[in-house]
Amino acid sequence: MNHVITIDGPTGSGKSTVSRLLAKRLHYPYLDTGAMYRVVALALKRAGIGLHDEAAISEICSELDIVFVPEGDATRIYLGKEDVTEAIREPDIDLLASDVSALEVVRSAMTNLQRKIGSQGPLVAEGRDMGTVVFPDAQHKFYVDASLEVRVDRRFQERQRRGESISREKVREDLIRRDDQDMNRSLAPLKPAEDATIIDTTELTLDQVVEKILIYLGSHVN
Ligand code: DC
C-alpha cells in the first residue's frame, strides 16, 4: 500500500482541498470517501429506506454504482448515469451521511470498494478512517485538524458561497453534532492513526499545508 497517501480529519479541517491539491501536484488520483457515504445517504433517502432496514440498505449498497469523473481541477460524482455532485452537498445529506456512516453494513461495503480502488494504483485517499481502518499499511498518513472556530468559519463561508442562507450559529451547531457522531461511533471513529503526522491548519493557508505535506513526503513536485 506504499502508493496510498491517507488524509483524515474532521469537517472544516481543510482536508478535501488539501487532498485535491496534493493529488494534483503528485499526479495521483484523488478519492473523496465522504462523497461515497453521501451517495449512500442520497440513495437511501430517495428510496425512502429507514436506517433500521438492514436488508434494504445492504441491497442498495451492493447495487450502488458510484462513478468519479475528473473535470478540470474538480471531480463530478455520478450515481449511475445521474450527476449527483450538487445533490450530495445539500444540508440534509450532511447529517444523514454521518448517520449512515455509523452502520456496519454500509461501512463494510464502502471499505471493500475503497480498498479495491486503492489496489489499482497510487491514490490520495481522503476521509475519516483512511489511515486507521481502510489503508492501515499506507506508508504516508496525515491527520489534518484546526480549531473549532476556524472550522466553523470555513464551513460557514463554503455554505454562503453556495448561496445558502444559514446562520453561523446553526453551522456551528451542525458541525459539533457531526463531530460528536463521527468521533464517538463504535465503528471506525474519526481519530488519527498512531503513525499519522498531525497537521494543525488553524494558522496556515491550505497551499501552505500542501507544501508542508510535500516536504514530509520528501518529494517537491512543481
Ligand atoms: O467528508 P464529508 O463531510 O463529505 O463526509 C460525510 C460523512 O461521511 C461524515 O460525516 C462521516 C462520513 N465518513 C466516514 O464515516 N468515513 C469516511 N472515510 C468518510 C466520511
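These figures come from a predicted structure and were not determined experimentally. Every number for a ligand or one of its atoms is a count from 1 in the order of the listing.
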Problem - Donor-acceptor contact below 3.5 Å, side chain Q208 vs main chain T205 - result: yes
Exercise for the section: Check the side chains of R178 and T11 for a donor-acceptor pair under 3.5 angstrom, ignoring hydrogens and angles. Expected result: yes
Practice task
Using only heavy-atom distances, determine whether the side chains of R38 and S98 contain a donor-acceptor pair under 3.5 Å.
Solution key: no
Handout entry: Rounded distance (nearest 0.5 Å) linking atom CD of Q160 with atom CZ of R155
Key = 12.5 Å
Problem - Within the 4.0 Å heavy-atom sphere of ligand 1, strictly under, residues - result: K15, T33, G34, Y37, R38, R89, A97, S98, S101, R107, G127, R128, D129, M130, R178, D182, R185
Exercise for the section: For a side-chain hydrogen bond (donor to acceptor under 3.5 Å, both in side chains) with D174, tell me which candidate from K170, R172, R177 qualifies. Expected result: K170
Completion exercise
Sorted by chain and number, sequence neighbours left out, side chain to side chain contact (heavy atoms under 4.5 Å, CB included) with A196 holds for K141, Y143, A193
